[in-house]
Amino acid sequence: MAQPGVLTPQNEDFPRWYQDVVAKAEMADNGPVRGTMVIRPYGYAIWEHIQSEIDRRIKAAGAENAYFPLFIPESYLSREAEHVEGFSPELAVVTHAGGEQLSEPIVVRPTSETVIGEFMAKWVQSHRDLPLLLNQWANVVRWELRPRMFLRTSEFLWQEGHTAHATFEDAAAYARKIHHDVYNDFIQNVLGVQVYLGIKSKSERFAGATNTMTCEGIMRDGKALQMATSHELGQNFAKAFDIKFQDESGTSAYCYTTSWGASTRLIGGLIMSHGDDNGLVVPPRLAPIQAVVLAVRDEESVNNAAEEISRQLLAAGIRVRTDHGRGSFGRRVTDWEIKGVPIRVEVGPRDLAEGLVTLARRDTGEKVQVRLEEAPARIATMLEEIQESILAGSRSALASRTVDVSSIPEAAEAANEGFARLAWDLVKGEGEATLRTQAITVRCLQRGDGSMPDNEDEAGLVAIVAKSY
RNA sequence: CGGGAAGUAGCGCAGCUUGGUUAGCGCGCCUGGUUUGGGACCAGGAGGCCGCGGGUUCGAAUCCCGCCUUCCCGACCA
């Protein structure tokens, strides 16, 4: 276990614990400009795994990657009324370039619906051009008033998908496909986090959307985090950017568009979903380092054995790191624990003499001795067990942090610990406003059976409310 | 952007109230040695425009003004 003083305990000061983990796991540093961050190699390695897992799923859903410019003419933003209203307070605007004042200010993209809409209009003419399924990996800038590492930085990295469809139904179906097959699948099966899927209430919707779907997770301090969103944009952007096509009969019609995104915020979600007082806990499928082979003593025979085990693990397809650096055993153990490496393989002379190594699980702290020759297979199995166990833990955390209530005051009480679930009819309108005064918002709306509603107006919906990041 | 707290070595802090020689401490870092099965020890050493700019003063880490940044609570948001 980490010694006192390494990290602030979660129950003593959760925000400080979070800052400690970000710093001591070498995830990120603050940048020099307000709200910016430097993502360090270990944090970036995690992001690269997030990217490749999400990217694979996006491509499987049929979308292709492209890249659009960072700079957007300011006039583009104002073409969609709600969109500009929602984003203008947080825009970074370039007014000077090349030593001169620009005739039209340039906006640094806060999101790319507008530029991409402009080009979709050029590229779409016939129903045969549809659906048009695009995605880009990019940085965006939003001048948020209260930055927090990974959760809300002035500049962040994300993926934004943008699609155009011939019909409302096709657009709605695709947005749902992305939400389930890309976001929920990744968050659950790679990130090991159980979330609620639902739609946003009108007041929480994306600026310019007709419907917003969300993945809402619960953090270890009982606050909710929106971990990915998918939007149905109706014909709002199609009309603003003139994205039209001719159908089989030669009739011209506006497209229905969607957009959907997931960002470096997922790393914040990872930290706060699984992390404990010893630091980060990274699920094996996401971990840049799945197993660290630790030479207990800096002796040649031990180091050689550690190298040999590493080679075998690498050959077995496990992402492995060997640590036979100088420094005390305890220190090195603690460092790898803070970084959340799933399995530690301890190689020491006493074990070696008996043909054994010790495997230590990061998630449970449990240690087992195994025969050297069995190690690769045991580790492979154990990685799967850890992945499942982390998800199971997230599942039970979500369940135990969710309370069914039947009034606004009860919901307000329950929201101090996590999610409160109650009939949407009790919340709609005045209740939502009352909760908001206590920093509690409607995180999502679901059907009674937990499934995704078509829209806010369906009868019998339940609201899931909480305090959130 | 409102309320609160804070910026002194890589990190955590003391010093400031009551201005006064070479600004301290712990951890970390470097060198050498002894160590290494849960944050090791000894010895030696390096590292500071005391956040930035202005002011008061013979003299400012210390007092005054402005700005920047960070953290917490809130409003805004991925």
Side-chain angles (χ1 to χ4, degrees), chain A residues 1-8 13-16 18-20 22-24 26 29-37 85-91 110-111 139-160 183 200 203-207 212 214-217 225-231 259-269 278-279 294-299 302-303 323-338 344 346-353 356-358 360 365 367 369 436-441 467-469:
Chain A
M1 301 297 118
Q3 296 302 303
V6 178
L7 297 173
T8 305
D13 186 343
F14 193 85
R16 181 143 191 196
Y18 180 79
Q19 294 295 136
D20 284 354
V22 168
K24 293 189 174 153
E26 300 181 333
D29 263 346
N30 281 309
V33 172
R34 174 190 170 75
T36 60
M37 97 185 139
E85 193 186 329
F87 279 103
S88 49
E90 56 195 60
L91 293 178
T111 179
N139 57 339
V140 286
V141 169
R142 298 181 187 179
W143 220 255
E144 304 287 359
L145 296 172
R146 190 181 170 191
R148 291 160 139 300
M149 288 270 211
F150 290 111
L151 300 171
R152 198 183 304 100
T153 45
S154 304
E155 177 191 7
F156 58 92
L157 307 182
W158 76 347
Q159 129 315 283
E160 51 177 324
Y183 296 144
K200 286 292 187 186
S203 61
E204 297 284 327
R205 230 179 244 165
F206 174 75
T212 289
T214 180
C215 299
E216 294 287 326
L225 183 72
Q226 176 176 311
M227 300 181 72
T229 48
S230 309
H231 315 291
S259 68
W260 24 279
S263 72
T264 35
R265 171 179 279 187
L266 286 168
I267 296 175
N278 295 323
L294 201 67
V296 162
R297 288 166 171 270
D298 190 18
E299 293 170 8
V302 177
N303 288 337
D323 177 358
H324 51 67
R326 280 179 293 271
S328 73
F329 173 74
R331 173 55 183 260
R332 290 182 289 144
V333 165
T334 309
D335 286 347
W336 290 116
E337 275 179 342
I338 292 174
R344 202 168 58 246
E346 299 179 358
V347 182
R350 290 208 297 268
D351 282 351
L352 285 175
L356 301 172
V357 288
T358 300
K367 285 189 182 188
Q369 289 181 306
R436 197 183 291 273
T437 62
Q438 297 167 69
I440 299 160
T441 49
K467 294 183 175 175
S468 76
Y469 280 97

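Per chain, numbering begins at 1; letters A, B, ... match sequence-line order. This one's a predicted model, so the numbers in the text were calculated from it and none came from an experiment.
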**Fill in**
A23(B) -> Watson-Crick or G-U wobble partner, both distances under 3.5 Å, gives none

**Message:** Which nucleotide wins on minimum distance to the side chain of Ser468(A), given the candidates C77(B), A40(B), U36(B)?
**Reply:** C77(B)

**Message:** Applying the Watson-Crick and G-U wobble criteria at under 3.5 Å, what pairs with A43(B)? Answer none if nothing qualifies.
**Reply:** U31(B)

**Message:** Output the rounded distance in Å from CG (Asp323(A)) to C1' (G38(B)).
**Reply:** 14 Å

Between the protein and nucleotides 69-76 of chain B, which nitrogen or oxygen pairs are less than 3.5 angstrom apart?
| unit_1 | atom_1 | unit_2 | atom_2 | d |
| --- | --- | --- | --- | --- |
| U70(B) | OP1 | Gly35(A) | N | 2.8 |
| C72(B) | OP1 | Arg148(A) | NH1 | 3.4 |
| C73(B) | OP2 | Arg146(A) | NH2 | 2.0 |
| C73(B) | OP2 | Arg148(A) | NH2 | 3.4 |
| A75(B) | OP1 | Arg436(A) | O | 3.3 |
| C76(B) | O2 | Glu144(A) | OE1 | 3.2 |

**Item:** Partner nucleotide, any strand, of A75(B) [Watson-Crick/G-U, under 3.5 Å]
**Value:** none

**Request:** Remember a base hit wins even if backbone is also touched, and classify Thr111(A) as base, sugar-phosphate or nothing at under 4.0 Å, heavy atoms.
**Result:** nothing

**Same-atom distance (C1') from U18(B) to U22(B), integer angstrom** = 23 Å

**Asked** G51(B) and G12(B): how far apart are their P atoms, nearest whole angstrom?
**Response** 14 Å

**C1'-based separation of G48(B) from A14(B) [nearest Å]** = 15 Å

**Complete:** U17(B) -> Watson-Crick or G-U wobble partner, both distances under 3.5 Å, gives none

**Prompt:** Hey, is CD on Gln438(A) packed in by over 12 heavy atoms from elsewhere, all under 6.0 Å?
**Reply:** yes

**Request:** Please confirm whether the backbone N or O of Thr212(A) pairs with a side-chain atom of Arg205(A), one donor and one acceptor, at under 3.5 Å?
**Result:** no

**Message:** Within the 4.0 Å heavy-atom criterion, would you say Gly348(A) contacts the bases, only the backbone, or no part of the nucleic acid?
**Reply:** base

**Asked** Is the shortest heavy-atom distance from the side chain of His324(A) to the side chain of Val302(A) under 4.5 Å?
**Response** no

**Request:** Round to a whole Å and report the spacing from CD of Glu204(A) to C1' of C77(B).
**Result:** 10 Å

**Item:** Distance, C1' atom - from A60(B) to C49(B), rounded to whole angstrom
**Value:** 14 Å

**Request:** Starting at atom CD of Glu299(A), determine the distance to atom C1' of U36(B), rounded to an integer number of angstrom.
**Result:** 9 Å

**Request:** Keeping the roles fixed (side chain from Ser154(A), backbone from Arg34(A)), state whether a donor-acceptor pair exists under 3.5 Å.
**Result:** yes

**Item:** Side-chain (Arg344(A)) to main-chain (Val333(A)) donor-acceptor, under 3.5 angstrom
**Value:** no

**Item:** Separation between the C1' atoms of C64(B) and A23(B), rounded to whole Å
**Value:** 23 Å

**Prompt:** Across the strands shown, which category fits Arg344(A) at heavy-atom distances under 4.0 angstrom: base, sugar-phosphate, nothing?
**Reply:** base

**Prompt:** So does Ser328(A) get a side-chain nitrogen or oxygen closer than 4.0 Å to the phosphate oxygens (OP1/OP2) of A40(B)?
**Reply:** yes

**Item:** Value in whole Å for how far the P atom of G28(B) lies from CG of Asp335(A)
**Value:** 11 Å

**Item:** Between G45(B) and U8(B) - C1' atom distance, rounded Å
**Value:** 22 Å

**Prompt:** Distance-only, no hydrogens or angles: does the Tyr18(A) side chain make a donor-acceptor pair with backbone N or O of Met149(A) under 3.5 Å?
**Reply:** yes

**Message:** Over all strands shown, is Leu151(A) touching base, sugar-phosphate only, or nothing at heavy-atom distances under 4.0 angstrom?
**Reply:** base

**Item:** Flag side-chain contact, heavy atom, 4.5 Å: Lys200(A) against Glu216(A)
**Value:** yes

**Item:** Gap in Å between the two C1' atoms, one belonging to G37(B) and one to G33(B), rounded
**Value:** 23 Å

**Message:** When you compare the side chain of Asn303(A) with that of Asp298(A), does any pair of heavy atoms fall below 4.5 Å?
**Reply:** yes

**Request:** Nearest whole angstrom, please: distance from the P of C27(B) to the CG of Asp20(A).
**Result:** 19 Å

**Request:** Return the set of residues passing ring pair (Phe, Tyr, Trp, His ring centres under 6.0 Å) with Phe87(A) (not counting sequence neighbours), or none when no residue passes.
**Result:** His83(A), Phe206(A)

**Prompt:** Can you find a donor-acceptor N/O pair under 3.5 angstrom joining the side chain of Lys367(A) to the base of G37(B)?
**Reply:** no

**Prompt:** Is any side-chain heavy atom of Asp351(A) closer than 4.5 Å to a side-chain heavy atom of Glu346(A)?
**Reply:** no

**Any Glu155(A) side-chain heavy atom under 4.5 Å of Val33(A) side chain** = no

**Item:** Base-pairing mate for U56(B) - Watson-Crick or G-U, with both contacts under 3.5 Å
**Value:** none

**Item:** Base-pairing assignment for G7(B) (Watson-Crick or G-U wobble, both under 3.5 Å)
**Value:** C68(B)

Just the atom pairs and distances: protein N or O near nucleotides 29-34 of chain B's N or O, under 3.5 Å.
none

**Item:** Nearest-angstrom distance, C1' atom, U21(B) to A5(B)
**Value:** 34 Å

